[in-house]
Amino acid sequence: MIVDKSLNVESDLPAGLPAESAFIKEAWELLEDSIVYYRGHPVGTVAARDPYVEALNYDQCFVRDFVSSALLFLIKGQPEIVRNFLIETLGLQSSDKQMDCFNAGQGLMPASFKVETWEGQQYLTADFGEHAIGRVTPVDSCLWWLILLRAYVKTTGDLDLAHRPDFQQGIVLILKLCLADRFDMYPTMLVPDGAFMIDRRLGVYGHPLEIQALFYAALRSARELLLPNRRGEVYAQILNQRLSTLNYHIREYYWLDLQRLNEIYRYRGEEFGEAAVNKFNIYPDSIPLWLTEWMPETGGYLAGNLGPAQMDFRFFTLGNLMSIVSSLASDRESLSIMDLIEQRWQDLVGYMPMKICFPAVEDVEWRILTGCDPKNVPWSYHNGGNWPVLLWPLAAAAQKTGRPELGWRAIEMAERRLSRDEWPEYYDGRNGRLVGKASRKYQTWTIAGYLLAREIMTHPQHLDLFSFSEDPEMMEWMCMVREMKG
Ligand code: GLC
């Protein structure tokens with residue numbers, strides 16, 4: 001038994017909110033049952049424990065899924081499981097990641113791992129995407145790993161772990177993989193489709209926002225974790241440069257509000273050279289009709305993706321919320337994103353916090369973008385489904401922007417259904433009223449996400465574990481760029 005369930009429910013709640021102690025107790029018990037043990041030690045949590053359907057790979061510990069459980073364990077004074085997870089996954093980083101004799105980059109972290117027994121001995125086997133449906137690359141795993149390592153160090157003060165030679169080597173391998181020179185003109189990270197939480201084809205290849213927000217948070221984490229020796233100093237310079245250019249690029253080119261929409265609407269195409277206003281050659285006709293009505297007078301958000309003549313105007317939730325949490329978005333933009341969520345609550349939160357993206361792609365667009373994926377039909381799963389795990393980043397963003405009432409409103413909404421519906425992985429429908437058609441029950445990150453959201457709301461100081469304030473280096477750099485541009 002490693003979980004401390006001693007949550008002081010009554011005194012932690014704001015006045016007037018009913019004590020949902022039964023849900024909390026149930027959730028803790030379920031979370032405890034999901035723990036994976038390896039050679040007698042807790043090392044992670046399984047993705048789901050659904051008694052009704054075949055497990056497939058949901059009996060594995062996914063790196064991205066474990067993050068919400070891990071933060072919760074850290075908060076509750078149970079860091080050993082997180083430490084073990086960090087050590088074991090680091091060990092897997094250097095293992096074979098081969099498909100058809102081709103080797104993936106060394107720094108790659110697995111999407112998931114499981115414990116297997118062979119001749120009475122337990123072993124960990126990892127999946128770097130070579131077994132996953134569609135053979136997708138788990139780019140986000142190494143980014144979450146860095147974010148989690150920082151959270152562990154912040155909670156425990158155990159900087160020695162991060163400074164161990166194997167950890168320093170692991171950090172450098174990730175950085176080498178992420179910062180390698182490629183055929184790219186932007187500071188954003190170029191990834192294939194399905195490289196993150198959306199791990200199926202959905203037209204999210206190129207420079208999707210979620211990866212950029214995690215990339216930014218991961219680079220900031222690495223900067224804090226590298227030993228200040230010669231190698232560390234060289235990397236610190238590279239990191240400062242990349243963080244500033246990445247931040248500038250996202251704020252300058254991904255931001256969308258009514259004013260920006262008006263600018264794009266009147267963009268000229270085919271501009272050549274340095275003075276081009278429409279740098280990416282976005283054609284006004286590509287602005288989707290829904291957006292011209294949906295964009296509120298006040299409020300805005302970061303676009304889902306940007307490339308040559310391509311702006312993905314969909315709202316991607318985790319990318320936007322993590323941009324707030326990591327301060328990739330400016331303070332003003334962060335407030336605007338929360339304004340938009342409040343004003344478009346019915347679309348984005350509906351009956352279950354919260355939509356993974358909005359709106360869904362339908363008809364021909366669905367055929368082209370998903371390759372006719374029956375799991376990603378409109379308003380289901382990744383294509384506009386509602387994912388309760390997004391409750392914790394929503395709570396974090398609400399808390400960080402001084403909008404706690406939005407966090408509580410979402411939690412209350414979730415509490416009406418999560419336990420009754422047996423903690424589903426996702427919900428379907430325009431407003432998230434239906435339990436997802438192929439959704440797992442007893443999904444661990446749904447359970448942990450709910451508990452973590454409550455913790456963030458009742459103890460705002462926990463935000464420090466995984467959030468960042470505005471980067472002072474960035475402010476200096478912005479001033480320099482503005483001066484240069486006159
Ligand atoms: C689905 C989700 C993915 C998650 C996995 C395990 O594939 O799309 O984000 O990590 O399930 O829960």
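Start at 1 and go down the list; that is how both ligands and their atoms are numbered.
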Is the centre of the Phe280 ring less than 6.0 Å from the centre of the Tyr186 ring?
yes

Note: ligand 1 atoms sitting under 4.0 Å from heavy atoms of Gln443 are 12 (O)

Quick look: Arg440 vs ligand 1, heavy-atom contacts under 4.0 Å, and the answer is neither

Ligand 1 and Trp387, any nitrogen or oxygen pair closer than 3.5 angstrom?
no

Could you check atom 9 (O) of ligand 1 against the protein and tell me its nearest heavy-atom contact, residue, atom and distance included?
Met197 O, 2.7 Å

Considering only heavy atoms of Glu425, which atoms of ligand 1 have at least one such atom less than 4.0 Å away?
1 (C), 11 (O)

Can you tell me how the ring of Phe23 sits relative to the ring of Tyr450, calling it parallel under 30°, perpendicular over 60° and tilted otherwise?
perpendicular

Taking the six-membered ring for Trp and the full ring for Phe, Tyr or His, determine whether the centres of Phe313 and Trp290 are under 6.0 Å apart.
no

Answer yes or no: is there a donor N or O on one side and an acceptor on the other, between the side chain of Asn84 and the main chain of Pro42, under 3.5 Å?
yes

Can you confirm if the NZ or CZ of Arg49 lies within 45° of the ring axis of Tyr442 and under 6.0 Å from the centre of its six-membered ring?
no

Tyr301/Phe315 aromatic ring centres below 6.0 Å
yes

What residue and heavy atom of the protein are closest to atom 4 (C) of ligand 1, and at what distance?
Asp65 OD1, 3.5 Å

Check each atom of ligand 1 against the heavy atoms of Ala47 and keep those under 4.0 Å away; list them by number with element.
6 (C), 12 (O)

closest protein heavy atom to atom 5 (C) of ligand 1 is Phe62 CE2, 4.0 Å

Honestly, for Tyr381 the part within reach of ligand 1 (heavy atoms, under 4.0 Å) is side chain

Over all atoms of both residues, closest heavy-atom pair of Arg150 and Ser467:
NH2-O, 3.1 Å

Report the member of Thr444, Ile198, Val46, Asp199 with the shortest heavy-atom distance to atom 7 (O) of ligand 1.
Asp199

If you take all heavy atoms of Leu71 and Ala151, which pair is closest and at what distance?
CD2-CB, 3.8 Å

Which bit of Tyr58 gets closer than 4.0 Å to ligand 1, counting heavy atoms only: side chain, backbone, both or neither?
side chain

Output field: ring centroids Phe196/Trp144 closer than 6.0 Å
no

Would you mind running through ligand 1 and noting each atom that sits below 4.0 Å from a heavy atom of Arg64?
3 (C), 4 (C), 9 (O), 10 (O)

Closest non-hydrogen protein atom to atom 8 (O) of ligand 1, residue and atom name please, with distance?
His382 NE2, 2.7 Å

